[in-house]
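Throughout, protein chains are lettered first and strands after them, A, B, ... in sequence-line order, and every chain is numbered starting at 1.
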Number of protein chains: 2
Amino acid sequence: MARPKEYDRETVLSEAMNVFWATGYFGTNMNQLIKATRLNPGSLYGAFGSKDALFFAALDHYGKMSIESVQSMLYCHDSPVESIRAWIRMVASEVTDKDNHGCFLVNTAIELSGRSHEIQERVNTYLEEIGRMLATRLEDARGVGEISNDKDPEAVASFILCTIWGLRVLGETSPSEAKVVAISNQLIALLGK
Amino acid sequence: MARPKEYDRETVLSEAMNVFWATGYFGTNMNQLIKATRLNPGSLYGAFGSKDALFFAALDHYGKMSIESVQSMLYCHDSPVESIRAWIRMVASEVTDKDNHGCFLVNTAIELSGRSHEIQERVNTYLEEIGRMLATRLEDARGVGEISNDKDPEAVASFILCTIWGLRVLGETSPSEAKVVAISNQLIALLGK
DNA sequence: GACATTATTGAATATATAGTCAATAATTAT
DNA sequence: ATAATTATTGACTATATATTCAATAATGTC
């Protein structure tokens, strides 16, 4: 009954997301997005409405992927603590990777939180969800005696998450692997035994 | 022998720095800088040459102020550990302050490290200097027996600095004071006894 | 095959933005 | 005073950027 779309919305979103992730909202212009998505302006605007809306959709896409990815790491072993360790090591390996652009949520928090309440709230939603997931897994760890009972899962989760954000910042400084390993080992050591 | 400047370079730099600090390089336009500095385009360009150069000068200004400020905190008590604690508490209080824009070095690392090697190197220079200052103070702490001999000052300094950067990110999320306090207390606890 | 509907194309547009410049003004030296 | 030098002013410019739109194309329905 009408001409069908030639593009796949998820694919386009993913391509736009990669550009925004690498260069931020203000550091990205529509020409880059038009090239990356291989859509013409009309199609891109037809699909998303504006640069703002496209950014928002890309951020959402990243947030959802991020939640899934963290969830899969947090349950990659039967042992909660072993899973958390694996997640931290995964982040550490991303941080040493020159081609990685850190965490899009963290980047966006820094670029746009002070300017857009709507963006800030969305970023917070995802970051808090990750915090809750980690806290839940730390409760599991306490339940099976992998961490001591005097540790507050919520507080420890906040601390670990905070240090992971610090690692994301560190990733922008071309850090030596030794430094990244030293930091992540200290973080892992907090978990115990 | 010539018309004297009506502005004070340091003052202008400080005003420009505040704008870039709050809204980043790409999030700031020349009109904002012209308003904030109360210089006309000609004067501003006469003084700094370009938006790029002005940003670089503002970043440098921040870096130098930052070094001085951290140095003064690290030696605000005779006790090295007590001084480090005071610094962490200072950062924590900035993080809970709604009007604070985090650390300009951290913000710039995230916005521009992937785009300009020159900027990345300058940011790294300042961040590394702060790391060395902290490591030196941790050596002092070890010397006077405030921290145990099996702790590596350099590694611990990296870890503390990393978590402070994470606190800067946290500051963009309108965090509860309770969360900031919980995290900074855990960080402080690492130093202790 | 004509029609209705939606997608695609890419040139065009309005605005924002970084940067320039000629005229003018303030100072010091002679 | 006059000249030499540098600072200030703010209108102007060239370019970049987000966005629009009229023409065209592809589908399903009658």
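Base contact: B/Gly42 has a heavy atom under 4.0 Å from a base atom.
Applying the 4.0 Å criterion to OP1 and OP2 of C/dA7, one finds that A/Ser43 has every side-chain N and O outside that range.
Straight-line distance from the CZ atom of B/Arg38 to the P atom of D/dT9: 12 Å, rounded to whole Å. B/Met30 places its CE atom 16 Å from the C1' atom of D/dC12, with the value rounded to the nearest Å. In this structure, OH of B/Tyr7 is placed 15 Å from C1' of C/dA26, rounded to the nearest angstrom. Summarising the geometry, the separation between NZ on A/Lys35 and P on D/dT17 is reported as 11 Å, rounded to the nearest angstrom. In this structure, the CG atom of A/Asn31 is 10 Å from the P atom of D/dA16, given to the nearest Å. Atom CG of B/Leu44 is separated from atom P of D/dG10 by 15 Å (rounded to the nearest Å). One atom, CG of B/Leu39, and another, C1' of C/dG19, lie 15 Å apart when rounded to the nearest Å. With rounding to whole Å, A/Asp52 atom CG is found 13 Å from D/dT17 atom C1'.
Toward the 5' end of DNA chain D, the nearer of the two residues B/Lys5 and B/Pro41, judged by each one's closest nucleotide, is B/Lys5. A residue-by-residue look at A/Ile34 and B/Glu6 shows that B/Glu6 has its nearest nucleotide of DNA chain D further toward the 5' end. For B/Pro4 and B/Asn29, each mapped to the nucleotide of DNA chain C holding its nearest heavy atom, the one lying further toward the 5' end belongs to B/Asn29.
B/Lys179 has no carboxylate O lying under 4.0 Å from a charged side-chain N of A/Glu154, or vice versa, which leaves the two without a salt bridge. Between B/Glu129 and B/Arg132, at least one side-chain nitrogen of the basic residue sits less than 4.0 Å from a carboxylate oxygen of the acidic one, meeting the salt-bridge criterion.
At a cut-off of 3.5 angstrom, counting only N and O atoms as typed in the model, there is a donor on one side and an acceptor on the other between the side-chain of A/Arg3 and the base of C/dA7.
When distances are taken from the side chain of A/Lys51 to each of D/dT8, D/dT5, D/dT19, the shortest belongs to D/dT19. Nearest nucleotide to the A/Tyr45 side chain, out of C/dT5, D/dA18, D/dT5: D/dA18.
Between the side chain of B/Thr108 and the backbone N or O of B/Leu105 there is no donor-acceptor pair closer than 3.5 Å.
Under the 3.5 Å distance criterion, with hydrogens and angles disregarded, a donor-acceptor pair is assigned to the side chains of A/Ser148 and A/Asp150.
Expressed to the nearest 0.5 Å, how far CG of B/Leu33 lies from CG of B/Leu44 amounts to 6.5 Å.
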